[in-house]
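Just so you know, these numbers use all the heavy atoms, side chains as well, and skip hydrogens, waters and symmetry mates.
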Amino acid sequence: RPLYIVGNTEELGAWDTEKAVKVAHDGKNYTITLDETVTEFKISNIKSEASGDWTEFDKGIHSADAAITNGGTVTLSHKNGSNIVLPWDGVWNITISNDLSKLTASTETPKPLTPLYIVGNTEELGAWNTENAVEVSNNRINYSITLDESVTEFKISTNKGDETTFNNGNLAVSNPISNGVNVNLIADAEGGKIALPWVGVWNITIAGDLSTLPATTLAGDYYMSMFQ
C-alpha cells in the first residue's frame with residue numbers, strides 16, 4: 001500500500017495534504033531522506049484529494065508513540081494525529097516498516113551544542129558586561145574563538161544575562177592556561193576568570209562537552225623573550 005508524507009517544507013507539500021509526497025518502497029520498507037530544512041512531518045497511507053483536507057489524510061495517519069532519537073526505533077500507531085518531530089536539524093534517513101508499525105530515524109549530522117558565551121576585558125568581549133557577552137562559534141564538535149592581543153582575561157558561561165545568571169553557568173579552568181596544553185573546565189558559580197599567561201593572539205578551543213580547554217598562540221617565544 002502507498003505511504004505519503006507531508007511536512008513543513010515546500011518539498012513535503014508545506015502542510016498541504018493534497019501535495020503530500022509518496023514515500024519510496026524498496027520491497028521491504030518505506031524509506032525517505034529528509035534535508036536540514038525539515039523539522040516535522042506527518043505520514044499517512046491515505047492521500048487527500050482536496051487541498052487542506054485533513055479528514056481524509058488523518059484516516060490513515062500513523063504517529064510516533066515516543067520522541068524521535070538518533071538511531072532509535074519508535075512504534076507507530078493511530079492513537080493521535082500529532083506531528084513527528086525531528087530532534088535537531090540535519091539530514092535524516094527515515095525507514096518505516098512494511099506494516100507501518102515501526103519508524104527508525106538516523107543522522108550523521110551532530111547534535112547542536114549548548115550555546116556558550118564569552119565576556120572579557122575588551123569592548124569586543126563586552127567589557128565585563130555579561131549582558132553583552134558574545135556567543136562563541138562552534139562546528140557542533142568544538143567551540144572556537146580567536147582572541148587578539150588586547151585580551152588578557154575572560155569568562156565563559158552557558159548562560160547570557162545579568163551577572164548572577166551568567167555566573168550560574170560559569171566555567172573556570174582547573175589549572176592556569178599554558179600554551180598548547182589541555183586544561184580541565186569546572187563549574188564555578190563564583191564567576192572565576194580565565195587569565196591568559198602572556199600577550200598574544202590566542203586560539204581558544206573548547207571541547208563540545210565543555211570538559212577541556214586548550215589554548216594556543218604563536219606569539220609565545222617572542223613575547224616571553226621581551227619580558228625576560
**Fill in**
Between the CG atom in Asn29 and the CD1 atom in Ile96, the distance rounded to the nearest 0.5 Å is 9.0 Å

**Prompt:** Could you state the interatomic distance from CG (Leu210) to CG (Leu113), rounded to the nearest 0.5 Å?
**Reply:** 7.5 Å

**Request:** Would you give the length of the straight line joining atom OG1 of Thr95 to atom NZ of Lys28, rounded to the nearest 0.5 angstrom?
**Result:** 12.5 Å

**Asked** If we ignore angles and hydrogens, is there a donor and acceptor under 3.5 Å between the side chains of Thr164 and Asp162?
**Response** no

**Prompt:** Should Val6 and Ile46 be counted in the same cluster of Ile, Leu, Val, Met, Phe, Trp and Tyr side chains packed under 4.5 Å apart?
**Reply:** no

**Message:** Which heavy atom of Glu40 sits nearest to which heavy atom of Val85, and what is that distance?
**Reply:** OE1-CG2, 3.7 Å

**Asked** Under 30°, 30 to 60°, or over 60°: which ring-plane class applies to His25 and Tyr30, parallel, tilted or perpendicular?
**Response** perpendicular

**Asked** According to a 4.5 Å side-chain heavy-atom criterion applied to Ile, Leu, Val, Met, Phe, Trp and Tyr, with indirect links allowed, do Val21 and Tyr4 form part of one hydrophobic cluster?
**Response** no

**Asked** Can you name the one residue among Asn121, Thr130, Asn167 that meets side-chain hydrogen bond (donor to acceptor under 3.5 Å, both in side chains) with Lys155?
**Response** Asn167

**Message:** Regarding Thr104 and Thr73, do their side chains bring together a donor and an acceptor under 3.5 Å, going by distance alone?
**Reply:** yes

**Asked** Going by heavy atoms in the side chains, are Trp202 and Glu149 under 4.5 Å from each other?
**Response** no

**Asked** Minimum heavy-atom separation for Ile204 to Leu147, with atom names?
**Response** CG1-CD1, 3.7 Å

**Complete:** The complete set of salt bridge (charged side-chain N to carboxylate O under 4.0 Å, His left out) pairs with one or both residues in residues 43-69, sequence neighbours excluded, reads Glu56-Lys59

**Prompt:** Under 4.5 Å between side-chain heavy atoms, hopping through other hydrophobics if needed: is there a path connecting Tyr117 to Leu185?
**Reply:** no

**Item:** Mutual orientation of the aromatic rings belonging to Trp54 and Phe57 [parallel < 30°, tilted 30-60°, perpendicular > 60°]
**Value:** perpendicular

**Asked** Just checking, is any N or O donor in the side chain of Asn159 or Ser157 under 3.5 Å from an acceptor N or O on the other one?
**Response** no

**Prompt:** How far does OG of Ser101 sit from NE2 of His62, to the nearest 0.5 angstrom?
**Reply:** 9.5 Å

**Message:** What verdict does the side chain to side chain contact (heavy atoms under 4.5 Å, CB included) test give for Asn138 and Asn142, after you've listed the backbone C-alpha separation in whole Å, the side-chain angles of each residue and the deciding distance to 0.1 Å?
**Reply:** CA-CA 6 Å; Asn138 72 77; Asn142 297 306; over 6 Å; no

**Message:** Between Thr33 and Asn93, do the side chains contain a donor N or O and an acceptor N or O under 3.5 Å apart?
**Reply:** yes

**Asked** Ala215 and Ile177: which non-hydrogen atoms are nearest, and at how many Å?
**Response** CB-CG2, 3.8 Å

**Asked** When hydrophobic residues are tied together by side-chain contacts of less than 4.5 Å, even through go-betweens, does Leu100 share a cluster with Phe41?
**Response** yes

**Request:** Would you kindly confirm whether Leu103 and Leu34 end up in one hydrophobic cluster when ILVMFWY residues are joined by side chain heavy atoms under 4.5 Å apart?
**Result:** yes

**Request:** Rounded to the nearest 0.5 Å, what's the gap from CD1 on Ile206 to OG on Ser144? Could you check?
**Result:** 9.0 Å

**Prompt:** Atom CG of Leu196 and atom OG1 of Thr152: how far apart are they, to the nearest 0.5 Å?
**Reply:** 7.0 Å

**Asked** Which heavy atom in Ala64 sits nearest to a heavy atom in Val74, and how many Å separate them?
**Response** CB-CG2, 3.9 Å

